[in-house]
Amino acid sequence: MSYARPKFRHPDLPKNQLGFTLDYYEGSLSTLCAGCGHDSISASIVQACFEMNIEPHRVAKMSGIGCSSKTPAYFLSNSHGFNSVHGRMPSVATGANLANKELTYLGVSGDGDTASIGMGQFVHAVRRNLNMVYIVMNNGCYGLTKGQDSATADEGSKNKAGNVNDFQAIDLCSLAVELGATFVAQSFSGDKTQLVPLIKAGMKHNGFAFINVISPCVTFNNNVGSTKSYDFVRQHAEATSELDFVAPKTEITANYEEGTTKTVVMHDGTLIQLHKLEQEWDPQNKLSAITALYKAKEKGEILTGLIFINENSRDLHALLQTSDTPLNKLTQKDLCPGSEKLKEINKGLR
């Protein structure tokens, strides 16, 4: 069951360049537990799309099954959406993307939906470099089935029932880098200042943009001993950088602490400004990114920020050399050019 938001809004709310106020990017009222980190991620998605001046009807939001996959109902009510079966969101997103390349694809998944039943689907979405933003709302437990440890629960962590997890966790960021993801980031649901620029940068990236967000489950995994709780993440988060997203032709000023600053140029000329806190870490070097992740794990820290990016990424459409015109806009003449054209094609294959 979903609930409608109050329709009254202050007439002087700020508007973006499209003339929309922030509420135009919202959805139904959330039915998740009060304080759930997933709601904070939804708010960050709303803020990012508002600041990016994205028309909601140009967005396709995809999800699978789980608490995280309920969230598309809570943002961008004016966009397209598809709630698939458990773990199958990547294949649905792939089909939709190949049919219509003009939309911005936003996939929302959970640690169970991605790291367990959907692992195979996730792997192939990465290796195909599907042009989409893939957000995992990672709480380390199965909230819909009363809080069992998920595949991303850290070894030695303790759940609400007092059970200690004996199994090694699947590190989705390390996996994404090693599989060839061209944009990998990690953040915390409670750090909107960092998460919003990461989502904006992911939307501008040409290829598979993976963002793993630690999102505490207040009902089943926010206890002492959990490594996915609010207190633990706040105490152990280690930011790779101070991050800002610079849109084209828009001047943004930011004050950075002493250190080195790195500018990453996106495909359309937009910029990501990185103030490096870890001197040995390079977000454009895969080995450096993997090393930084392992070093953080050894120290019991959670590395957040932009971890890896490939500026020369070629997405699935470029790899397959698909039509510049979306499939839903092709005419019968385009699809059936006639027998003479068919003969020409067959001749070229002999």
Side-chain angles (χ1 to χ4, degrees), residues 37-38 41 62-69 71 86-90 93 106-130 132-143 148-155 157 165 167-189 191 194-195 198-199 201-202 205 207-217 221 226-228 232-233 236-238 240 283 286 289-298 300-310:
H38 295 3
I41 300 173
M62 306 289 185
S63 64
I65 295 295
C67 291
S68 58
S69 292
T71 61
H86 206 183
R88 271 61 177 180
M89 178 268 286
L106 177 63
V108 178
S109 186
D111 41 305
D113 195 53
T114 290
S116 292
I117 192 170
M119 176 60 80
Q121 298 253 331
F122 171 70
V123 166
H124 291 294
V126 173
R127 63 184 282 268
R128 290 170 178 153
N129 201 22
L130 186 63
M132 69 177 297
V133 179
Y134 190 114
I135 297 176
V136 170
M137 300 182 178
N138 191 344
N139 56 23
C141 71
Y142 300 134
Q148 303 94 327
D149 289 332
S150 79
T152 65
D154 294 311
E155 182 180 3
S157 65
N165 179 40
F167 302 104
Q168 184 176 353
I170 292 177
D171 187 333
L172 289 173
C173 285
S174 294
L175 181 64
V177 173
E178 292 185 11
L179 287 172
T182 53
F183 180 107
V184 179
Q186 185 161 256
S187 191
F188 173 48
S189 63
D191 190 354
Q194 181 190 67
L195 183 55
L198 286 175
I199 295 173
H205 179 67
F208 191 83
F210 176 69
I211 307 176
N212 183 53
V213 187
I214 308 301
S215 178
C217 174
N221 206 17
S226 168
T227 58
K228 297 289 192 292
F232 184 91
V233 177
H236 295 83
E238 177 67 24
T240 61
K286 183 180 291 190
I290 293 175
T291 300
L293 286 167
Y294 276 106
K295 282 184 177 180
K297 185 176 181 180
E298 288 177 354
E301 296 175 344
I302 300 170
L303 199 64
T304 67
L306 179 63
I307 296 170
F308 175 75
I309 186 171
N310 178 3

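Position 1 is the first residue of the sequence, and the numbers go up from there.
- Of the possible polar contacts, one joining the Ser226 side chain to the Asn221 backbone as a donor-acceptor pair under 3.5 Å is found.
- Judged by distance alone, the side chain of Arg88 and the main-chain N or O of His86 form a donor-acceptor pair under 3.5 Å.
- Smallest separation of non-hydrogen atoms from His205 and Asn310: CE1-O, 3.4 Å.
- Here Phe208 and Tyr134 bring their ring centres to under 6.0 angstrom of each other.
- Of the possible donor and acceptor atoms, none in the side chain of Ser174 sits under 3.5 Å from a partner among the backbone N and O of Asp171.
- For the residue pair Leu130 and Pro90, the shortest heavy atom distance occurs at CD2-O, 4.2 Å.
- Taking each heavy atom of Ser215 and His38 in turn, the nearest pair found is OG-ND1, 2.6 Å.
- Looking at every heavy atom in both residues, Gly120 comes nearest to His124 through O-CD2, 3.0 Å.
- Taking 4.5 Å as the limit, some side-chain heavy atom of Leu293 sits within range of a side-chain heavy atom of Ile307.
- Between Asn129 and Thr182, the side chains place a donor N or O and an acceptor N or O closer than 3.5 Å (distance only, hydrogens not considered).
- Looking at His236 and Thr227, their side chains never come closer than 4.5 Å, going by heavy atoms from C-beta outward.
- Between Phe210 and Val136, the closest side-chain pair of non-hydrogen atoms falls below 4.5 Å.
- Residues Cys217 and Cys141 form a side-chain contact, since some pair of their non-hydrogen atoms from C-beta on lies under 4.5 Å apart.
- Between Met119 and Thr114 the shortest side-chain heavy-atom distance does not fall below 4.5 Å.
- Between the side chains of Gln186 and Asn212, a donor-acceptor pair is found at a separation under 3.5 Å.
- Applying side-chain contact (heavy atoms from CB on, under 4.5 Å) to Leu172 and the options Thr152, Ile211, Val184 leaves one that passes, Thr152.
- Phe183 and Leu198 get closest at one heavy-atom pair: CZ-O, 3.9 Å.
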Item to check | side chain to side chain contact (heavy atoms under 4.5 Å, CB included) between Met62 and Val108, worked out | outcome: CA-CA 6 Å; Met62 306 289 185; Val108 178; over 6 Å; no
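- Ile302 is listed as a side-chain neighbour of Phe232, based on a closest heavy-atom distance under 4.5 Å.
- Within a 6.0 Å radius of CD in Glu301, more than 12 heavy atoms belonging to other residues, nucleotides or ligands are found.
- For the residue pair Ala169 and Ala153, the shortest heavy atom distance occurs at CB-O, 3.2 Å.
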Next on the checklist: The test is side chain to side chain contact (heavy atoms under 4.5 Å, CB included); show your working for Cys67 and Tyr142 and say whether it passes.
Outcome noted: CA-CA 8 Å; Cys67 291; Tyr142 300 134; over 6 Å; no
Item to check | Criterion side-chain hydrogen bond (donor to acceptor under 3.5 Å, both in side chains) on Ser187 and Thr304, from CA distance to verdict | outcome: CA-CA 5 Å; Ser187 191; Thr304 67; 5.8 Å; no
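- Among residues two or more places apart in sequence or in another chain, the salt bridge (charged side-chain N to carboxylate O under 4.0 Å, His left out) test is passed with Asp154 by Lys228.
- Inter-residue side-chain proximity for Ser189 and Ile214 is flagged as unmet; no heavy-atom pair is nearer than 4.5 Å.
- For the pair Phe308 and Pro283, the minimum side-chain heavy-atom distance is 4.5 Å or more.
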